[in-house]
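Written below as structure tokens is the structure these notes are about.
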Amino acid sequence: MPKRRLLVTSALPYVNGHIHLGYILETVQTDIWVRFQKLRGNECLYVCADDTHGTATMIRAQQEGRSEAELIADMQAAHVADLKDFDISFDNFGSTNDPENERFCQSMWHSIREAGLVKEKNVEQLFDPVVGTFLADRFVRGTCPKCNSADQPGDNCSKCGSTYGPADLLDPKSTLSGATPEVRSAKHLFIELEQLHEFLETWSQSGKHLQPEIANYLQGHFLGEPLRDWDISRPAPYFGFEIPDYPGNYWYVWFDAPIGYMASTQQWCDRTGGNFDDWWKSSDTEIHHFIGKDITYFHTLFWPGMLKTAGYSLPTKVHIHGFLTVDGEKMSKSKGTFVNARTYLNHLDPSYLRYFYAAKLNDRVDDLDLALDEFIAKVNTDLVGKVVNLASRTAKFVEQIGLSKEYPEDGGLFVHAAQLGDEIAEAYESCDYSRAMRLVLGLADRANPFVEENKPWELRKDPGNAARLQDVCTIALNLFRQIAIYLAPVLPRLAQQTGELLNDPITSWDQAQTPLVGTPVAKFKHMLKRIEEKDVHAMIEESKPAEVASAPGESITESVDRWNDSADALAAEPLAPECTFDDFTKVDLRVARVVEAEAIPEAKKLLKLKLSLGGGEYRQVFAGIKAAYEPEKLVGRLVVMVANLAPRQMSFGLSEGMVIASGPGGPDVFVLSPDDGAVPGQRVH
RNA sequence: GGUCCGGUAGCUCAGUCGGUUAGAGCAGGGGACUCAUAAUCCCUUGGUCGGGGGUUCGAGUCCCUCCCGGACUACCA
């Protein structure tokens, strides 16, 4: 087979957060594929970068009192270290804030301009005079211009389903300040994606570049109607690259992020003498993007559209994977299942997770569950019990004498494993790693009985059997080596150790075709420890928020803040503008008791609550806390509610207030409780 | 509610074009071994292939329908 040239990417991690096990899933998936391709002898370049731009970076830098550049540099160093320790083998890891990226943005922009895809639209945008900023759609609510339903979001009506702009709302309010926004004319630049409709439909529906369910999704959600113009500029203040022919405005972060793949490639070329056009403008080069399903449409509509317009190669394939869940649930900070890469590394070997992910990954978009008990059992049984055991039970018998000079008769075991190589390779190639792992483990299941039947431990008792002992161990170690070669993309450390043990480095897939003979065998060293349950538990405990993990009732008299809470929550949702005391008193917060609570089967997030304010005064409230609370456990407890909120008609009934809770949503919602002594009906001042 | 994907042993899954008696690993039960990280090996229990209907000589596989689960989307704000 002729050598292929492949450019491979993982999605760019956002600079504002640390690497977690969900992103590790993506990079492990990519890295396995890259290592596989290199092992097969293909020319393969793996690039990535930090995604740095956007409002969130700007706000966080302000809060931390330093420049964006400093923030980015720190986070990038942390990202690189985390990923390196998971054996992710990037050829280059850059940053979307690097000068190379700005140059590519400019040239890409130039092409898109020339193609006549850019138009300026005088957007009637709402401006919050209190905060002094333009309001994105989601920061405005008001009355639907079509059906007059109150309190509707700024982009479409939840009652009648009509879509409109925020400026069309009849009685708009800023959700930041509550002020009535002014309509101001703001100029934005848009890319008319609709001009590329036909191309995108052909490309996405060709059956070659996308998984079938993704092609289907695009057809159903986007391609069935005209594609909307893509708002590509953001007015200052914004952290990003300023648009050269449109001063005071910046490219939206999703414009420059994928271009980061190119900038990173350029950096690699500059460092190694490579030629950029060989990678991005050559029909001989395949381009493979690995991404999560959350960013599907950026990579399957906007990005191919940009590449096409600017005359670059189109992605050969966009490989899309699902999210990571832990023990069957969305990762949750409060449960300790939102685990940072570094926290994992503090307790466990990266090889465990690489193998487990490989054993579960296929070429579909399904979510992948990290069931912790399964994780422990699978790694210990498969890797330690079956694979590494082959070496550890035989290597010491040939430590002095090495492998036999000729490969002995083994009943066809080696040939069988050699022949299976193509099938395993096919599974890797198509990203069906779980199949590859099954096939490889099947080899270990044949090799262990061989050792059992030939009893090297008995052979060694009689010096007359020395030659036979050497032959048996030569066979077992060769079978082990084949497995190590086939697992090398997943377990580079095991491949390295195997090379050292048998004095022949593993560098090529084809090494599994020829038995190794006559080499010395090094003293056997442990290759992989068993996972201990306590280490997994320690990792989960370390991932829990400090206030949950520490014992209650400790002294709080110390003058210094010893809790050292993370800045993440504040950065995710910055402080609202100042309000007056009068503003505050408009909101009537009351202690209330939950007297009834039931889940609404048709709604995914809603519980229906009956709240008592005492004295027979009740309120019916719908609260989006289904994922976090069992209805039965709420009954009887005290909560804080907004008692004078305008009632809202919902599909399931009238909601007459709101239960106060914090947290980002989903399973991470935390309902507030008053301290002991509070009674229903009391106002919260 | 809409769209899509799935449901095979206690668990995780394989099952090709419709073709013999539906498989594997783990877990469970019994035995063996003692080289190996309490690892390994042999034997073994366990299934109305979600339910019902249809097509067919023949259905886990194809069609219809219902039930259940998940994802996306909407609602939640």
Side-chain angles (χ1 to χ4, degrees), chain A residues 138-141 151-154 156-159 161 175 211-221 224 293-294 296-297 322-323 325 328-330 356 359-360 362 364-367 369 371 373-378 380-398 432 434-435 437-439 441-442 444-461 469 472-473 476 524-532 600-608 621-627 642 645 648-652 655 658-659 661 665-666 669:
Chain A
R138 65 199 165 94
F139 293 122
V140 186
R141 301 186 72 82
D151 194 30
Q152 296 303 319
N156 63 71
C157 176
S158 62
K159 297 304 291 182
T175 62
Q211 290 132 298
E213 59 264 55
I214 297 296
N216 196 5
Y217 162 80
L218 294 176
Q219 186 65 50
H221 281 78
K293 63 184 178 183
D294 52 326
T296 294
Y297 88 144
F323 295 144
T325 58
E329 293 180 18
K330 214 167 129 180
F356 185 80
K360 301 289 275 187
N362 56 30
R364 312 264 308 259
V365 193
D366 302 336
D367 289 354
D369 187 40
D373 289 344
E374 188 190 351
F375 169 64
I376 296 170
K378 193 151 192 60
N380 285 347
T381 302
D382 290 357
L383 288 188
V384 182
K386 291 181 177 175
V387 174
V388 171
N389 187 232
L390 271 174
S392 75
R393 70 193 304 198
T394 54
K396 63 188 262 189
F397 297 136
V398 284
D432 193 354
S434 66
R435 175 172 161 78
M437 295 306 101
R438 272 200 310 281
L439 291 169
L441 263 291
D445 283 335
R446 286 171 163 244
N448 273 307
F450 169 83
V451 178
E452 204 74 20
E453 284 158 20
N454 288 278
K455 301 182 174 38
W457 55 95
E458 284 190 3
L459 293 174
R460 71 167 172 167
K461 289 176 185 164
L469 175 63
V472 167
C473 292
F524 182 78
K525 289 184 278 193
H526 259 35
M527 291 176 159
L528 202 63
K529 271 194 336 186
R530 301 173 69 74
I531 302 184
E532 296 196 44
I600 298 176
E602 305 85 35
K604 213 156 267 180
K605 302 178 184 176
L606 291 182
L607 293 185
K608 179 179 173 183
V621 171
F622 292 89
I625 57 174
K626 191 175 181 176
V642 184
L645 191 66
R648 173 162 188 185
Q649 184 61 47
M650 298 170 56
S651 338
F652 316 107
S655 189
M658 198 170 151
V659 171
V669 173

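Every chain is numbered from 1 and lettered A, B, ... according to where its sequence line falls, protein lines coming before strand lines.
Counting heavy atoms from C-beta outward, A:D445 and A:K386 have side chains that approach closer than 4.5 Å. A 4.5 Å side-chain heavy-atom check between A:P449 and A:V451 finds every atom pair outside the cut-off. The side-chain heavy atoms of A:V472 and A:K455, taken from C-beta on, include no pair separated by under 4.5 Å. Counting only heavy atoms from C-beta outward, the side chains of A:V387 and A:D382 never approach each other to under 4.5 Å.
Of the P atoms belonging to B:U16 and B:G7, the separation is 12 Å, rounded to the nearest Å. Comparing B:C26 with B:U34, their P atoms are spaced 22 Å from each other, to the whole Å. Here, B:C63 and B:C4 have their P atoms 14 Å apart, quoted to the whole Å. Of the P atoms belonging to B:C42 and B:A24, the separation is 12 Å, rounded to the nearest Å. Between B:G28 and B:C66, the two C1' atoms lie 35 Å apart (nearest whole Å). Taking the C1' atom of each, B:A22 and B:U40 are spaced 29 Å apart, rounded to whole Å.
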Between the protein and nucleotides 71-73 of chain B, list the N/O to N/O atom pairs that are separated by less than 3.5 angstrom.
from  : atom 1 : to     : atom 2 : distance (Å)
B:A71 : O3'    : A:K293 : NZ     : 3.0
B:A71 : O2'    : A:K293 : NZ     : 3.1
B:C72 : N4     : A:K604 : NZ     : 3.3

Collect all protein-nucleotide pairs involving nucleotides 27-37 of chain B in which both atoms are nitrogen or oxygen and the distance is under 3.5 Å.
from  : atom 1 : to     : atom 2 : distance (Å)
B:C35 : O2'    : A:R393 : O      : 3.3
B:C35 : O2     : A:R393 : O      : 3.3
B:C35 : O2     : A:R393 : NE     : 3.2
B:C35 : N3     : A:R393 : NH2    : 2.8
B:C35 : N4     : A:R393 : NH2    : 3.3
B:A36 : OP1    : A:K396 : NZ     : 3.0
B:A36 : O2'    : A:N389 : ND2    : 3.1
B:A36 : O2'    : A:S392 : OG     : 2.6
B:A36 : N3     : A:N389 : ND2    : 3.4
B:U37 : N3     : A:L528 : O      : 2.7
B:U37 : O4     : A:M527 : N      : 3.4
B:U37 : O4     : A:L528 : N      : 3.4
B:U37 : O4     : A:L528 : O      : 3.1

Report, one pair per line, the protein and nucleotides 60-64 of chain B atoms (nitrogen or oxygen only) whose separation is under 3.5 Å.
none

What protein N or O atoms touch nucleotides 9-16 of chain B N or O atoms at under 3.5 angstrom, if any, and at what distances?
from  : atom 1 : to     : atom 2 : distance (Å)
B:U12 : O3'    : A:K360 : NZ     : 3.2
B:U12 : O2'    : A:K360 : NZ     : 3.4

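Between the CZ atom of A:F622 and the P atom of B:A74 there is a distance of 20 Å, rounded to whole Å. Between the CG atom of A:N454 and the C1' atom of B:U40 there is a distance of 14 Å, rounded to whole Å. Taking atom CG of residue A:D382 and atom C1' of nucleotide B:A39, one finds them 13 Å apart after rounding to whole Å. For the pair A:R446 CZ and B:C41 C1', the computed distance is 16 Å after rounding to whole Å. Rounding to whole angstrom units, CG of residue A:L441 and P of B:G25 are separated by 11 Å. One atom, CG of A:N448, and another, P of B:G25, lie 13 Å apart when rounded to the nearest Å. The CE atom of A:M658 sits 12 Å away from the P atom of B:C76 (whole-angstrom rounding).
Consecutive Watson-Crick or G-U pairs involving RNA chain B, each under 3.5 Å on both distances, make up stems of three or more pairs at B:1-7 with B:67-73, B:10-13 with B:23-26, B:28-32 with B:40-44, B:50-54 with B:62-66.
Across all strands shown, A:D445 has heavy atoms under 4.0 Å from sugar-phosphate atoms exclusively, and none from any base. Residue contacts shown for A:G385 are limited to sugar-phosphate atoms, with no base heavy atom under 4.0 Å away.
Looking only at atom types and distance, the side chain of A:D294 has no donor-acceptor partner in the side chain of A:T296 under 3.5 Å away.
Applying the ring-ring contact (aromatic ring centres under 6.0 Å, His included) criterion to A:F622, with sequence neighbours excluded, gives no partner residue.
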* **side chain to side chain contact (heavy atoms under 4.5 Å, CB included) between A:H526 and A:V388, intermediate numbers included** => CA-CA 9 Å; A:H526 259 35; A:V388 171; over 6 Å; no
